[in-house]
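Heavy atoms only: backbone and side chains are in, while hydrogens, waters and symmetry mates are out.
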Amino acid sequence: MKVLVIGGGTGGLALAHGLKRAGIEVSVYERDALRTEGLHGYRVGIDPDGSRALHGLLPKELYDTFVATKARDPKYFNMLTENFKEVLSMQVEPSTDPIESEKSISRMTLRQVLLTGLEDVVEFGREFTRFEQHGDRVTAHFADGTQATGDLLVAADGAHSRVRRQYLPHADIEETGIIAIAGKLPITAESAKLVPPRVFEGISMINAPRGLFCILHVMEFQWDREGRVKHGIGGNTEELIRRWPGLQFDNTRDYINWGVSATRDKLPANVMELRGEELVKLTLDLTPDWHPDLRRLFELTDPGTCFPVNIWTSAPVEPWPTTNVTLIGDAIHTMTPGRGVGANTALRDAVNLCRALIDVRDGKRELIPAVNAYEAKMIEYGFDAVLKSRAQMTSDDPMHKPVIGRIALAVMRTGMRAVNHLPPVKRRMRDSMLAYRGANRDELTLEITPAQARR
């Protein structure tokens with residue numbers, strides 16, 4: 001059996017690791033020309049679902065490297081006003097479990113971790129154009145005139161998947177009407193003083209009038225550019241990072257990452273064409289009445305790190321007849337960042353599809369029934385996540401309306417302040433949030449067991 005994976009994103013690379021460990025032939029075809037390309041994006045939260053998937057798919061030492069290169073764990077989840085006043089603050093219990101825990105990861109670092117050990121699997125500079133199915137085989141065609149043939153083709157090529165457009169042309173993605181602007185600035189003596197202690201040690205969300213929204217992440221890493229653990233802490237961790245071949249490709253330093261979003265009607269028509277200083281100025285223009293410290297964070301932002309993001313979402317689709325083409329991650333269930341589970345859902349896809357293909361390898365099921373079982377499960381949990389994420393981030397939300405928006409914001413803040421003063425209710429809210437992100441979920445459905453993995 002040979003598997004063709006189109007796209008070298010989070011889900012596709014994780015799947016490739018699992019298949020390679022299981023002794024299943026796999027090739028990943030990535031449009032980027034070099035390993036050093038694709039270094040975009042800032043923080044990604046990997047929840048217990050994602051951690052379990054990675055633990056099952058990656059070789060042990062590489063999973064240990066993934067854990068070693070994460071940022072400091074967030075201690076608080078905060079909801080604030082635009083004046084930096086606390087609405088709600090929930091403490092996240094610390095966890096020493098390398099699997100059953102929330103992790104703050106640099107997207108750039110995660111990509112380099114996942115590329116490590118796949119040098120013989122990933123082919124760069126291979127831009128997919130179309131596929132052809134002929135009997136029980138499938139052939140992928142590329143822009144350079146080359147082609148590759150295998151038993152299964154997996155679309156892992158993101159929200160604007162060319163595979164999906166050919167295979168499931170009715171599976172649309174839609175604009176949410178929300179545009180986000182992202183940026184980051186290094187942690188310095190000045191920038192560190194601009195945020196309150198709980199904000200510095202947590203993940204913070206700001207709901208403001210006119211439906212404006214801001215999220216703040218503070219990313220502090222235990223390791224420096226040379227792979228040394230700060231303050232001499234870590235011992236084996238330091239040596240592990242130093243020996244990691246991906247270190248030379250990483251450009252992570254401690255930083256504060258922010259994102260501000262608004263409905264398209266509140267932004268210039270050409271917002272998606274703006275860059276650098278133009279985006280910093282636009283953010284300041286959107287927030288004239290916000291706390292001076294918040295505005296100073298925007299002013300200190302490195303203009304070269306700013307970019308606009310048009311937030312898209314998938315439209316749920318009914319199950320389709322299974323063939324030797326399937327899809328994972330954003331290629332089938334693009335979701336807004338409203339719930340923060342996009343990457344984790346892609347990883348869940350990867351481990352479930354890998355388990356199905358191990359069954360095929362072991363003669364327990366034929367290929368098409370195995371893929372059908374994977375798709376049935378994926379469609380259910382994937383589009384559930386799409387709908388719940390969309391509910392958190394769409395221009396249809398009353399928060400964005402001129403009059404009713406202020407009322408909705410006031411009601412929301414009043415309710416959250418009440419919860420903030422009721423510890424039992426706050427704990428239940430926190431536990432519910434963590435449960436949605438995979439805490440204490442049955443790990444047998446998400447992990448390749450040692451008996452299944454063949455190096």
Side-chain angles (χ1 to χ4, degrees), residues 2-41 44 46 49-67 69-70 103 105-128 140 148 150 152-159 161 163 244-250 252 326-333 342-355 357-358 374 378 446-448 453 455:
K2 180 173 183 178
V3 180
L4 313 177
V5 178
I6 306 301
T10 300
L13 294 175
L15 173 64
H17 273 288
L19 295 177
K20 182 180 178 180
R21 286 184 64 207
I24 297 171
E25 186 179 358
V26 58
S27 292
V28 178
Y29 302 95
E30 168 57 45
R31 181 174 57 185
D32 288 340
L34 301 168
R35 174 173 175 157
T36 50
E37 295 182 11
L39 295 178
H40 53 271
V44 58
I46 299 298
D49 272 347
S51 291
R52 273 186 227 108
L54 286 170
H55 185 258
L57 294 166
L58 303 184
K60 180 183 183 305
E61 184 174 78
L62 193 56
Y63 184 81
D64 292 344
T65 301
F66 158 73
V67 174
T69 54
K70 69 183 177 67
K103 300 174 184 66
I105 305 293
S106 161
R107 286 184 181 272
M108 293 177 278
T109 304
L110 178 60
R111 178 174 168 84
Q112 296 308 314
V113 167
L114 292 176
L115 282 168
T116 299
L118 293 181
E119 291 78 9
D120 59 337
V121 169
V122 179
E123 298 186 24
F124 291 98
R126 303 295 295 277
E127 181 181 352
F128 172 85
L152 179 70
L153 185 146
V154 180
D157 50 343
S161 168
V163 178
W244 172 43
L247 178 66
Q248 60 184 307
F249 299 107
D250 187 80
T252 297
T326 193
L327 311 93
I328 67 173
D330 283 351
I332 182 59
H333 45 61
N344 296 292
T345 308
L347 291 170
R348 194 172 176 183
D349 294 347
V351 79
N352 283 331
L353 180 56
C354 188
R355 286 172 62 84
L357 295 180
I358 288 173
Y374 154 73
M378 177 270 290
L446 294 169
E447 185 177 4
I448 301 172
R455 291 183 180 273

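Between the CZ atom of Arg111 and the CG atom of Asp32 there is a distance of 5.0 Å, given to the nearest 0.5 Å. Note that CG of Leu152 and CG of Leu353 are 6.5 Å apart. Values are rounded to the nearest 0.5 Å. A distance of 12.0 Å separates NZ in Lys20 from CD in Glu25, rounded to the nearest 0.5 Å. Rounded to the nearest 0.5 Å, atoms CG (Leu57) and CG (Leu62) are 11.0 Å apart. The structure places CZ of Arg107 at 7.0 Å from OG1 of Thr10, a figure rounded to the nearest 0.5 Å. Within the model, atoms CG of Leu118 and CD of Glu30 stand 12.0 Å from one another, a figure rounded to the nearest 0.5 Å.
Ile46 has its side chain within reach of Asn344: a pair of non-hydrogen atoms, C-beta onward, lies under 4.5 Å apart. Residues Leu13 and Val122 have side chains in contact (heavy-atom distance under 4.5 Å, counting atoms from C-beta outward). Side-chain contact between Leu153 and Tyr29: absent, with no pair of heavy atoms (C-beta onward) separated by less than 4.5 Å.
Looking only at distances, a side-chain donor or acceptor of His17 sits under 3.5 Å from a matching main-chain atom of Leu114. No side-chain donor-acceptor contact under 3.5 Å links Gln112 to the backbone of Leu110.
Between Phe124 and Ala33, the shortest heavy-atom distance links the atoms CB-O, 3.3 Å. Across every non-hydrogen atom of Leu327 and Tyr374, the tightest pair is O-OH, 2.8 Å. Val28 and Gly7 make their closest contact through CG1-O, 3.6 Å (heavy atoms, listed as atom of the first residue, atom of the second, distance). What you find for Ala331 and Asp157 is that their closest heavy atoms are CB-OD1, 3.8 Å. The two residues Ala346 and His333 come nearest to each other via the heavy atoms N-CE1, 4.5 Å. The two residues Leu347 and Ala14 make their nearest non-hydrogen contact at CD2-CB, 3.6 Å.
For the side chain to side chain contact (heavy atoms under 4.5 Å, CB included) test with Cys354, the passing option among Val3, Leu15, Val26 is Leu15; the others fail.
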Yes or no on side chain to side chain contact (heavy atoms under 4.5 Å, CB included) for Met378 and Asn352, after CA distance, side-chain angles and deciding distance?
CA-CA 8 Å; Met378 177 270 290; Asn352 283 331; over 6 Å; no
Would Trp244 and Thr109 count as a side chain to side chain contact (heavy atoms under 4.5 Å, CB included) if you check the C-alpha gap in whole Å, the side-chain angles of each, and the deciding distance to 0.1 Å?
CA-CA 11 Å; Trp244 172 43; Thr109 304; 4.0 Å; yes
I'd like to know whether Arg52 forms a side chain to side chain contact (heavy atoms under 4.5 Å, CB included) with Val351, so could you lay out the CA-CA distance, the side-chain angles of the two residues, the decisive distance to 0.1 Å, and finally the verdict.
CA-CA 9 Å; Arg52 273 186 227 108; Val351 79; over 6 Å; no
Give the intermediate values and the outcome of side chain to side chain contact (heavy atoms under 4.5 Å, CB included) for residues Thr116 and Thr65.
CA-CA 10 Å; Thr116 299; Thr65 301; over 6 Å; no
